[in-house]
**Q** 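Before we start, here is the structure in question, set down as structure tokens.
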Amino acid sequence: MLDIKYIRQEPDAARERLAQRGEEAGKIDELLALDEKRRGIVTEVEALQADRNAASKEIGALMGQGNKEEAEAKKAETRELGDRIDALNTQKNEADEAFNNLILTLPNLAHASVPVGPDESANEEIKVHGDKPAFDFEPKGHVDLCDALGLIDFERGTKLSGSGFLLYTGWGARLERAMIQYLLDLHVHEHDYTEVSPPFMVQAECMEGVGQFPKFLDQAYAVQEGLDGETLGKRYLIPTAEAPVANLHRGEILSETDLPKYYCAYSPCFRAEAGAAGVATRGMIRVHQFDKVELIKVVKPEDGYDELEKMLINAETVLQQLGLHYRVLALSSGDMGFAAAKTYDIEVWAPGQGSYLEVSSVSNTEDFQARRMKTRFKAEQGGNQLPHILNGSGVALARLFVALIETHQRNDGSIKIPEPLQPYLRADTIPAA
RNA sequence: GGAGAGGUGGCAGAGUGGUCGAAUGCACUGGUUUGCUAAACCGGCGUAGGGGGUAUUCCUUCUACCGGGGGUUCGAAUCCCCCCCUCUCCGCCA
């Protein structure tokens, strides 16, 4: 959620920065108009409430003196005040609602270092690691590899749950599990994150807190309890562990010495991908359920961007250790996610696809999420402040799986397992079938 | 699912219609005293928002908030209704 005080003070800058995000700058003016209306009503209603409080005190005093007549007269008078207050309160609630409905749909503003542009064409490649691997044979795509080695049973996955759902089998299931374990150990033991294992469904408030709702309600799987339609819309399958974990301190006031907090979590991620039909093809690049290890940080605002760089490196380490070629993009203002003030995407090379796949998105949301979820910390100097909340994939597994098997396939049909994964898989090769 | 108990400030815990934003204790914090530490004593110490003071961070004033929402009343932490959550016991269950 944007800071209304900032918008009041710097409306021109706010208009310009909102436009960079592909939103109409006019929404700032709409918001300011609603804000002004709301404040006008608040001033009025609070003055009346003060009057009523004073009158009530007088009545109490009169009653105490036994002066019933005067007390009754005063009561009648004050009753009218109450009616006016009720009427104004109704207006105030309407004004608040209109204001909130608008501000909740506005995306975060981009940090000054973010390339300005309308879409992905303005993204900047800031780093490339390694080279595209050379093959002395024609590398296969992951679908062929999975079929040949029995890693994924695409047909049965579809039979069980519909298109976009995967059934990992044999070595495939073991490799998936090994990678999860490896990723968690890496971030816990090498990068100092605290592991958490969150619920895979969250209440709507959590989705609102991270900025998924109200805008992307259509991308979520809503859960219903049995046949009780009343419960529909209470809980949602998480689209990322960010939804539960970033909300860990919702409504809390932390102390400054609690910060920074580093969390990592494994979870499956459920995405309806509404509107992506037709883009989805056979394979595991765009699916409705995939595994991911997510990184979350809650930090002091002045540390936000240093922590972002560190988190990016944490995610890159995964790809480096697994011997994969990748590049890092600084996303443009028009391509970033709703809640982000700055985002790096990591794209890993998949030789069988002949293209880069996004496996990680690392963002600083600054105080955008913190304000929505009311996570604050008490500063040593006094006063409550909003922390920066960061999130990053560390990393998304289905696509990592693709890049890994396509990169490390051998001519004989086997797959070489990178050294750090070997203890987890208890093998150095997935043998040719 | 059934029965009961309960949700008050960072924590513990009073408060059953007005003088209660809320006793008291603990924690925290400023100070005095003290050779150091400790103790004792004095003071401060919730959150959000509106107005004013050239001021987001200081001062001042007002308003709201005692799980959430509605109601009664001149006035609600306190009375009434609905909902949520927690705990205990029973049942069911991985």
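Letters go in sequence order (proteins before strands), and every chain restarts at 1.
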**Q** Can you tell me the pairing partner of B:U78 across any strand shown, Watson-Crick or G-U wobble, with both distances under 3.5 angstrom?
**A** none

**Q** When the ring planes of A:Phe200 and A:Tyr266 are compared, do they come out parallel, tilted or perpendicular, using 30° and 60° as the limits?
**A** perpendicular

**Q** Heavy atoms within less than 4.0 Å of RNA chain B: which residues of residues 2-10 of chain A have one? Give them sorted by number.
**A** A:Arg8, A:Gln9

**Q** I'd like the P distance from B:G18 over to B:C79, given in whole Å.
**A** 12 Å

**Q** Quick one: ring-ring contact (aromatic ring centres under 6.0 Å, His included) partners of A:Phe368, sequence neighbours excluded?
**A** A:Phe338

**Q** Regarding A:Leu81, tell me which of base, sugar-phosphate or nothing describes its non-hydrogen contacts under 4.0 Å with the strands shown.
**A** nothing

**Q** Now, which nucleotide makes the Watson-Crick or G-U wobble pair with B:U56, with each of the two distances under 3.5 Å?
**A** none

**Q** For A:Leu32, what residues pass the side chain to side chain contact (heavy atoms under 4.5 Å, CB included) criterion, not counting sequence neighbours?
**A** A:Ile7, A:Arg8, A:Pro11, A:Ile28

**Q** Choose from B:A64, B:A48, B:G50 the nucleotide whose nearest atom is closest to any side-chain atom of A:Asn384.
**A** B:A48

**Q** List for me each residue that meets ring-ring contact (aromatic ring centres under 6.0 Å, His included) alongside A:Tyr182, sequence neighbours excluded, and say none if there are none.
**A** none

**Q** Given that A:Ile253 and A:Arg39 both sit by RNA chain B, which one's nearest nucleotide is further toward the 5' end?
**A** A:Ile253

**Q** Find the partner of B:U24: check Watson-Crick (N1-N3 plus N6-O4 or O6-N4) and G-U wobble (N1-O2, O6-N3) distances, both under 3.5 Å, and reply none if neither fits.
**A** B:A12

**Q** If you measure from the P atom in B:C83 to the same atom in B:G21, how many Å do you get, rounded?
**A** 31 Å

**Q** Where do N or O atoms of nucleotides 78-86 of chain B meet protein N or O atoms at under 3.5 Å, pair by pair?
**A**
none

**Q** Does any N or O in the side chain of A:Thr343 come within less than 3.5 Å of the main-chain N or O of A:Ser363, such that one atom is a donor and the other an acceptor?
**A** no

**Q** Do the non-hydrogen side-chain atoms of A:Lys297 and A:Tyr193 ever get within less than 4.5 Å of each other?
**A** yes

**Q** Now, which nucleotide makes the Watson-Crick or G-U wobble pair with B:A5, with each of the two distances under 3.5 Å?
**A** B:U86

**Q** Treat primed atoms plus P, OP1 and OP2 as sugar-phosphate and everything else as base, then score nucleotides 71-77 of chain B 5' to 3': B for base contact with protein heavy atoms under 4.0 Å, S for sugar-phosphate contact only, - for none.
**A** ---BS--

**Q** With nearest nucleotides of RNA chain B determined for A:Ala54 and A:Glu46 from heavy-atom distances, which residue corresponds to the more 5′ nucleotide?
**A** A:Glu46

**Q** With C1' as the reference atom in both, quote the distance from B:G13 to B:C66 in angstrom, rounded to an integer.
**A** 13 Å

